[in-house]
Amino acid sequence: MDKLRIMSVFGTRPEAIKMCPLVKELASRPQIESLCCVTAQHRQMLDSVLDVFDLKPDWDLDIMTPRQTLSTITSKCLTGMDEALEALRPDVVLVHGDTSTTFAGALSAFYHQIPVGHVEAGLRTYDKYSPFPEEMNRLLVSGIADMYFCPTAGNRENLVREGHTENLFITGNTVIDALKTTVKEDYRFSTEELNTLPYEKKVVLVTCHRRENYGEPMRNIMLALRQIAEQRPDVELVYPVHLSPVVRESVDKYLRGAPRVHLIDPLPADEMHNLMARCYLVLTDSGGLQEEAPALGKPVLVMRRETERPEAVAAGTVKLCGVVQDDIVTMAERLICDRAAYERMAHAVNPYGDGHACRRIADAIEWRCGLRKER
(Lines give C-alpha, C1' and ligand atoms only; values in the text may rest on other atoms or scores of the structure.)
Protein backbone atom coordinates (compact mmCIF):
# COMPACT_ATOMS: atom_id res chain seq x y z
CA MET A 1 0.00 0.00 0.00
CA ASP A 2 1.27 3.49 -0.88
CA LYS A 3 1.94 5.78 2.04
CA LEU A 4 -0.50 8.58 2.87
CA ARG A 5 1.15 11.82 1.72
CA ILE A 6 0.51 14.62 4.21
CA MET A 7 1.83 18.09 3.44
CA SER A 8 2.16 20.59 6.30
CA VAL A 9 2.11 24.24 5.17
CA PHE A 10 3.37 27.13 7.30
CA GLY A 11 5.24 30.39 6.87
CA THR A 12 5.75 32.29 10.13
CA ARG A 13 7.83 31.70 13.23
CA PRO A 14 4.85 30.96 15.55
CA GLU A 15 3.40 28.49 13.03
CA ALA A 16 6.76 26.78 12.66
CA ILE A 17 7.18 26.36 16.44
CA LYS A 18 3.80 24.62 16.57
CA MET A 19 4.05 22.63 13.34
CA CYS A 20 7.63 21.31 13.37
CA PRO A 21 6.89 18.79 16.16
CA LEU A 22 3.84 17.60 14.18
CA VAL A 23 5.84 17.22 10.95
CA LYS A 24 8.27 15.02 12.88
CA GLU A 25 5.52 13.00 14.56
CA LEU A 26 3.92 12.31 11.17
CA ALA A 27 7.31 11.30 9.77
CA SER A 28 7.62 8.69 12.53
CA ARG A 29 4.47 6.88 11.32
CA PRO A 30 5.25 4.00 8.94
CA GLN A 31 2.08 4.51 6.88
CA ILE A 32 2.62 8.26 6.38
CA GLU A 33 4.95 10.26 4.16
CA SER A 34 5.36 13.61 5.90
CA LEU A 35 6.00 16.55 3.55
CA CYS A 36 6.73 20.14 4.50
CA CYS A 37 6.03 23.27 2.44
CA VAL A 38 7.04 26.69 3.80
CA THR A 39 5.97 30.01 2.34
CA ALA A 40 8.58 32.01 4.31
CA GLN A 41 6.08 34.76 5.04
CA HIS A 42 8.64 35.57 7.77
CA ARG A 43 11.97 34.47 6.26
CA GLN A 44 14.62 35.01 8.92
CA MET A 45 12.44 34.17 11.91
CA LEU A 46 11.06 31.06 10.20
CA ASP A 47 14.54 29.78 9.35
CA SER A 48 15.67 30.06 12.97
CA VAL A 49 12.87 27.69 14.03
CA LEU A 50 13.64 25.22 11.23
CA ASP A 51 17.24 25.16 12.47
CA VAL A 52 16.18 24.50 16.07
CA PHE A 53 14.05 21.53 15.02
CA ASP A 54 16.54 20.37 12.35
CA LEU A 55 13.84 20.37 9.68
CA LYS A 56 14.47 20.83 5.95
CA PRO A 57 11.38 21.79 3.91
CA ASP A 58 10.46 19.79 0.82
CA TRP A 59 9.25 23.01 -0.85
CA ASP A 60 10.08 26.65 -0.11
CA LEU A 61 8.06 29.44 -1.74
CA ASP A 62 10.38 32.16 -0.30
CA ILE A 63 7.75 34.89 -0.75
CA MET A 64 8.95 37.51 1.75
CA THR A 65 9.60 41.01 0.41
CA PRO A 66 10.36 44.31 2.21
CA ARG A 67 7.27 46.02 3.63
CA GLN A 68 5.01 43.33 2.21
CA THR A 69 1.25 43.81 2.39
CA LEU A 70 -1.50 41.35 3.21
CA SER A 71 -2.45 41.32 -0.48
CA THR A 72 1.05 40.49 -1.70
CA ILE A 73 1.50 37.78 0.95
CA THR A 74 -1.81 36.13 0.10
CA SER A 75 -1.49 36.33 -3.68
CA LYS A 76 2.12 35.07 -3.73
CA CYS A 77 1.21 32.20 -1.39
CA LEU A 78 -1.76 31.25 -3.52
CA THR A 79 0.09 31.20 -6.84
CA GLY A 80 3.19 29.54 -5.33
CA MET A 81 1.09 26.79 -3.78
CA ASP A 82 -0.15 25.71 -7.23
CA GLU A 83 3.32 24.53 -8.19
CA ALA A 84 3.97 22.91 -4.81
CA LEU A 85 0.72 20.92 -4.85
CA GLU A 86 1.21 19.78 -8.43
CA ALA A 87 4.78 18.65 -7.71
CA LEU A 88 4.29 16.99 -4.31
CA ARG A 89 0.74 15.67 -4.88
CA PRO A 90 -0.30 15.35 -1.23
CA ASP A 91 -3.37 13.40 -0.12
CA VAL A 92 -3.99 15.82 2.76
CA VAL A 93 -2.85 19.41 3.40
CA LEU A 94 -2.41 20.63 6.98
CA VAL A 95 -2.51 24.34 7.79
CA HIS A 96 -2.10 25.98 11.16
CA GLY A 97 -3.94 28.73 12.97
CA ASP A 98 -4.79 31.99 11.30
CA THR A 99 -2.06 33.63 9.22
CA SER A 100 -2.29 34.73 5.59
CA THR A 101 -0.26 31.60 4.76
CA THR A 102 -2.94 29.53 6.52
CA PHE A 103 -5.78 31.03 4.50
CA ALA A 104 -3.94 30.88 1.16
CA GLY A 105 -2.73 27.33 1.81
CA ALA A 106 -6.23 26.11 2.62
CA LEU A 107 -7.76 27.91 -0.35
CA SER A 108 -5.17 26.50 -2.74
CA ALA A 109 -5.76 22.97 -1.44
CA PHE A 110 -9.50 23.49 -1.94
CA TYR A 111 -8.92 24.63 -5.53
CA HIS A 112 -7.01 21.36 -6.06
CA GLN A 113 -9.77 19.38 -4.27
CA ILE A 114 -7.36 18.13 -1.61
CA PRO A 115 -8.74 17.58 1.92
CA VAL A 116 -7.60 20.17 4.49
CA GLY A 117 -6.81 19.59 8.15
CA HIS A 118 -6.85 22.70 10.34
CA VAL A 119 -4.46 22.56 13.30
CA GLU A 120 -5.41 24.95 16.13
CA ALA A 121 -8.99 25.24 14.87
CA GLY A 122 -11.90 26.99 16.55
CA LEU A 123 -10.28 30.05 18.12
CA ARG A 124 -12.61 33.05 18.01
CA THR A 125 -13.03 36.64 19.18
CA TYR A 126 -16.08 37.25 16.94
CA ASP A 127 -14.65 40.65 15.98
CA LYS A 128 -13.49 40.36 12.40
CA TYR A 129 -11.05 43.26 12.74
CA SER A 130 -9.39 42.06 15.96
CA PRO A 131 -7.03 40.36 15.74
CA PHE A 132 -6.54 41.57 12.17
CA PRO A 133 -6.42 39.77 9.79
CA GLU A 134 -6.28 36.59 11.87
CA GLU A 135 -9.92 36.40 12.96
CA MET A 136 -11.22 36.47 9.39
CA ASN A 137 -8.49 34.08 8.22
CA ARG A 138 -9.55 31.40 10.69
CA LEU A 139 -13.25 31.87 9.93
CA LEU A 140 -12.55 31.38 6.22
CA VAL A 141 -10.35 28.34 6.84
CA SER A 142 -13.10 26.78 8.97
CA GLY A 143 -15.37 26.92 5.93
CA ILE A 144 -12.81 25.06 3.83
CA ALA A 145 -11.43 22.49 6.28
CA ASP A 146 -12.38 18.81 6.39
CA MET A 147 -10.72 17.97 9.73
CA TYR A 148 -10.54 20.25 12.77
CA PHE A 149 -7.87 19.80 15.45
CA CYS A 150 -9.03 21.88 18.40
CA PRO A 151 -6.71 22.71 21.31
CA THR A 152 -9.60 22.87 23.81
CA ALA A 153 -13.22 21.87 24.29
CA GLY A 154 -14.19 25.54 24.02
CA ASN A 155 -12.66 25.72 20.54
CA ARG A 156 -14.69 22.67 19.53
CA GLU A 157 -17.89 24.25 20.89
CA ASN A 158 -17.27 27.37 18.78
CA LEU A 159 -17.13 25.23 15.64
CA VAL A 160 -20.24 23.23 16.56
CA ARG A 161 -22.20 26.47 17.07
CA GLU A 162 -21.14 27.50 13.57
CA GLY A 163 -22.45 24.27 12.05
CA HIS A 164 -19.22 22.26 11.83
CA THR A 165 -20.16 18.95 13.44
CA GLU A 166 -17.98 16.28 11.81
CA ASN A 167 -14.31 15.37 12.22
CA LEU A 168 -13.72 17.58 15.25
CA PHE A 169 -10.91 16.40 17.53
CA ILE A 170 -9.80 17.88 20.86
CA THR A 171 -6.04 17.49 20.89
CA GLY A 172 -4.39 20.07 23.14
CA ASN A 173 -1.96 22.59 21.66
CA THR A 174 1.17 21.45 19.83
CA VAL A 175 3.18 24.30 21.36
CA ILE A 176 3.29 22.33 24.61
CA ASP A 177 4.88 19.47 22.65
CA ALA A 178 7.48 21.92 21.36
CA LEU A 179 8.37 23.19 24.85
CA LYS A 180 9.18 19.65 25.98
CA THR A 181 12.03 19.55 23.47
CA THR A 182 13.43 23.09 23.79
CA VAL A 183 13.49 24.05 27.50
CA LYS A 184 16.58 22.84 29.40
CA GLU A 185 17.80 23.62 32.93
CA ASP A 186 21.43 24.05 31.87
CA TYR A 187 20.61 26.02 28.71
CA ARG A 188 23.17 28.63 27.63
CA PHE A 189 22.03 31.48 25.41
CA SER A 190 23.83 32.40 22.21
CA THR A 191 22.71 35.99 22.91
CA GLU A 192 25.35 36.71 25.58
CA GLU A 193 23.34 39.52 27.18
CA LEU A 194 20.77 36.94 28.28
CA ASN A 195 23.39 34.87 30.12
CA THR A 196 24.34 37.87 32.29
CA LEU A 197 20.85 39.19 33.11
CA PRO A 198 20.22 39.57 36.86
CA TYR A 199 17.57 36.85 37.10
CA GLU A 200 17.44 37.36 40.88
CA LYS A 201 15.53 40.55 39.99
CA LYS A 202 12.13 40.54 38.26
CA VAL A 203 12.80 39.98 34.57
CA VAL A 204 9.76 40.91 32.49
CA LEU A 205 9.66 39.45 28.98
CA VAL A 206 7.92 41.73 26.47
CA THR A 207 6.66 41.21 22.93
CA CYS A 208 4.53 43.63 20.92
CA HIS A 209 3.95 43.45 17.18
CA ARG A 210 0.25 42.98 16.28
CA ARG A 211 -1.13 44.93 13.35
CA GLU A 212 -4.25 45.97 15.27
CA ASN A 213 -1.94 47.68 17.79
CA TYR A 214 -0.22 49.86 15.19
CA GLY A 215 -0.61 53.59 15.86
CA GLU A 216 -2.01 54.93 19.15
CA PRO A 217 -2.26 51.56 20.94
CA MET A 218 1.41 50.80 20.27
CA ARG A 219 2.40 54.26 21.46
CA ASN A 220 0.47 53.65 24.70
CA ILE A 221 2.13 50.26 25.15
CA MET A 222 5.62 51.68 24.64
CA LEU A 223 4.98 54.53 27.09
CA ALA A 224 3.62 52.06 29.65
CA LEU A 225 6.73 49.90 29.33
CA ARG A 226 8.93 52.96 29.76
CA GLN A 227 6.98 54.04 32.84
CA ILE A 228 7.34 50.59 34.44
CA ALA A 229 11.08 50.60 33.78
CA GLU A 230 11.55 54.12 35.19
CA GLN A 231 9.46 53.46 38.31
CA ARG A 232 10.73 49.99 39.23
CA PRO A 233 14.49 49.59 39.86
CA ASP A 234 13.83 45.93 40.77
CA VAL A 235 12.58 45.18 37.23
CA GLU A 236 14.51 44.40 34.04
CA LEU A 237 12.51 44.51 30.79
CA VAL A 238 13.70 42.25 27.97
CA TYR A 239 12.12 42.99 24.59
CA PRO A 240 13.06 40.91 21.52
CA VAL A 241 11.94 43.48 18.95
CA HIS A 242 9.99 42.20 15.96
CA LEU A 243 11.55 42.89 12.55
CA SER A 244 8.51 44.88 11.36
CA PRO A 245 9.69 48.41 10.45
CA VAL A 246 6.54 49.85 12.05
CA VAL A 247 7.33 48.16 15.36
CA ARG A 248 11.01 49.12 15.27
CA GLU A 249 10.19 52.78 14.56
CA SER A 250 7.86 52.87 17.56
CA VAL A 251 10.41 51.18 19.84
CA ASP A 252 13.13 53.63 18.79
CA LYS A 253 10.87 56.64 19.33
CA TYR A 254 9.39 55.81 22.72
CA LEU A 255 11.45 53.11 24.45
CA ARG A 256 15.09 53.22 23.42
CA GLY A 257 17.31 54.65 26.15
CA ALA A 258 14.95 53.78 29.01
CA PRO A 259 16.70 52.38 32.10
CA ARG A 260 16.96 48.60 32.52
CA VAL A 261 15.33 47.96 29.15
CA HIS A 262 17.12 45.41 26.99
CA LEU A 263 16.16 45.75 23.33
CA ILE A 264 17.41 42.71 21.45
CA ASP A 265 16.81 41.08 18.09
CA PRO A 266 14.16 38.36 17.71
CA LEU A 267 15.26 35.14 19.37
CA PRO A 268 15.34 31.60 18.00
CA ALA A 269 12.55 29.44 19.38
CA ASP A 270 14.75 27.61 21.88
CA GLU A 271 16.21 30.87 23.23
CA MET A 272 12.75 32.42 23.58
CA HIS A 273 11.40 29.38 25.39
CA ASN A 274 14.33 29.25 27.81
CA LEU A 275 14.12 32.99 28.47
CA MET A 276 10.42 32.54 29.19
CA ALA A 277 11.24 29.73 31.62
CA ARG A 278 13.59 32.04 33.57
CA CYS A 279 11.58 35.27 33.50
CA TYR A 280 9.17 36.53 36.19
CA LEU A 281 6.29 37.77 34.06
CA VAL A 282 5.26 38.09 30.40
CA LEU A 283 3.74 41.22 28.84
CA THR A 284 2.63 40.52 25.28
CA ASP A 285 0.15 41.06 22.47
CA SER A 286 1.09 37.66 21.01
CA GLY A 287 -1.26 34.72 20.75
CA GLY A 288 1.22 31.88 21.20
CA LEU A 289 2.82 33.25 24.36
CA GLN A 290 -0.60 33.03 26.05
CA GLU A 291 -0.23 29.26 25.72
CA GLU A 292 3.53 28.85 26.18
CA ALA A 293 4.14 30.97 29.27
CA PRO A 294 1.43 29.34 31.47
CA ALA A 295 2.92 25.93 30.66
CA LEU A 296 6.11 27.25 32.27
CA GLY A 297 4.30 28.75 35.29
CA LYS A 298 4.61 32.37 34.14
CA PRO A 299 1.70 34.84 34.44
CA VAL A 300 0.77 36.64 31.23
CA LEU A 301 -0.70 40.12 30.79
CA VAL A 302 -2.13 40.51 27.29
CA MET A 303 -1.85 43.99 25.79
CA ARG A 304 -4.93 43.68 23.59
CA ARG A 305 -8.61 44.53 23.88
CA GLU A 306 -9.72 40.88 23.56
CA THR A 307 -8.29 37.41 23.24
CA GLU A 308 -9.25 34.36 21.19
CA ARG A 309 -7.93 32.26 24.07
CA PRO A 310 -10.59 32.75 26.77
CA GLU A 311 -9.70 29.38 28.33
CA ALA A 312 -6.47 30.89 29.64
CA VAL A 313 -8.34 33.86 31.13
CA ALA A 314 -10.91 31.53 32.71
CA ALA A 315 -8.13 29.35 34.11
CA GLY A 316 -6.45 32.40 35.63
CA THR A 317 -3.11 32.05 33.81
CA VAL A 318 -3.76 35.09 31.58
CA LYS A 319 -5.31 38.52 32.17
CA LEU A 320 -6.26 41.14 29.59
CA CYS A 321 -4.76 44.51 30.42
CA GLY A 322 -5.81 46.32 27.24
CA VAL A 323 -3.91 49.04 25.41
CA VAL A 324 -4.36 52.03 27.75
CA GLN A 325 -1.12 53.16 29.38
CA ASP A 326 -2.45 53.47 32.95
CA ASP A 327 -4.19 50.09 32.82
CA ILE A 328 -1.04 48.29 31.64
CA VAL A 329 1.08 49.94 34.34
CA THR A 330 -1.45 49.27 37.11
CA MET A 331 -1.87 45.58 36.30
CA ALA A 332 1.86 45.00 35.84
CA GLU A 333 2.63 46.80 39.13
CA ARG A 334 0.19 44.57 40.97
CA LEU A 335 1.90 41.38 39.83
CA ILE A 336 5.32 42.89 40.56
CA CYS A 337 4.35 44.00 44.08
CA ASP A 338 1.61 41.59 45.23
CA ARG A 339 3.11 38.14 45.73
CA ALA A 340 -0.26 36.49 46.42
CA ALA A 341 -1.74 37.81 43.17
CA TYR A 342 1.35 36.63 41.32
CA GLU A 343 1.22 33.14 42.84
CA ARG A 344 -2.46 32.70 41.96
CA MET A 345 -1.63 33.18 38.29
CA ALA A 346 1.66 31.30 38.32
CA HIS A 347 0.10 28.17 39.83
CA ALA A 348 -3.15 28.12 37.84
CA VAL A 349 -3.64 25.03 35.68
CA ASN A 350 -2.63 25.50 32.04
CA PRO A 351 -5.65 24.59 29.86
CA TYR A 352 -3.66 23.72 26.73
CA GLY A 353 -2.85 20.10 27.28
CA ASP A 354 -0.18 17.64 28.30
CA GLY A 355 2.34 17.76 25.45
CA HIS A 356 0.83 14.92 23.41
CA ALA A 357 -1.15 16.98 20.90
CA CYS A 358 0.94 15.86 17.92
CA ARG A 359 0.32 12.20 18.70
CA ARG A 360 -3.43 12.84 18.95
CA ILE A 361 -3.50 14.72 15.65
CA ALA A 362 -1.56 11.99 13.85
CA ASP A 363 -3.85 9.33 15.35
CA ALA A 364 -6.93 11.28 14.22
CA ILE A 365 -5.62 11.63 10.66
CA GLU A 366 -4.84 7.92 10.48
CA TRP A 367 -8.36 7.13 11.75
CA ARG A 368 -10.05 9.60 9.38
CA CYS A 369 -8.07 8.25 6.40
CA GLY A 370 -8.74 4.60 7.24
CA LEU A 371 -5.27 3.69 8.49
CA ARG A 372 -6.48 2.73 11.97
CA LYS A 373 -9.70 1.36 13.41
CA GLU A 374 -9.91 3.13 16.78
CA ARG A 375 -10.50 6.85 17.02
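By convention here, the first residue in the shown sequence is residue 1.
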Candidate pair Ser108 and Asp82, rule side chain to side chain contact (heavy atoms under 4.5 Å, CB included), full reasoning | CA-CA 7 Å; Ser108 183; Asp82 276 342; 3.9 Å; yes
Verdict with supporting geometry, Met19 and Phe53, side chain to side chain contact (heavy atoms under 4.5 Å, CB included) = CA-CA 10 Å; Met19 287 296 277; Phe53 286 94; over 6 Å; no
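Qualifying salt bridge (charged side-chain N to carboxylate O under 4.0 Å, His left out) partners for Arg161, counting only residues two or more places apart in sequence or in other chains: none. Here Arg89 pairs with nothing under the salt bridge (charged side-chain N to carboxylate O under 4.0 Å, His left out) rule; sequence neighbours left out. Checked against salt bridge (charged side-chain N to carboxylate O under 4.0 Å, His left out), Arg368 has no partners two or more places apart in sequence or in another chain.
Glu192 and Asn195 are linked by a side-chain donor-acceptor pair at a separation below 3.5 angstrom, with hydrogens and angles left out of the test. Residues Thr102 and Glu15 bring a donor and an acceptor atom of their side chains to less than 3.5 Å of each other. The closest side-chain donor-acceptor pair between Thr39 and Thr101 falls under 3.5 angstrom. Counting only N and O atoms by type, the side chains of Glu366 and Gln31 include no donor and acceptor under 3.5 Å apart. Between the side chains of Thr152 and Asn155, at least one donor N or O sits under 3.5 Å from an acceptor N or O.
Below 30°, between 30° and 60°, or above 60°: for Trp367 and Phe169 the angle between ring planes is above 60°, a perpendicular geometry. Relative ring orientation between Phe132 and Tyr129 is described as tilted, the plane-to-plane angle lying within the 30° to 60° band.
A salt bridge (Lys or Arg N to Asp or Glu O under 4.0 Å) with Arg124 holds for exactly one of Glu308, Glu306, Glu162; it is Glu162.
Remark: Arg278 CZ is packed, more than 12 non-hydrogen atoms of other residues, nucleotides or ligands lying under 6.0 Å away.
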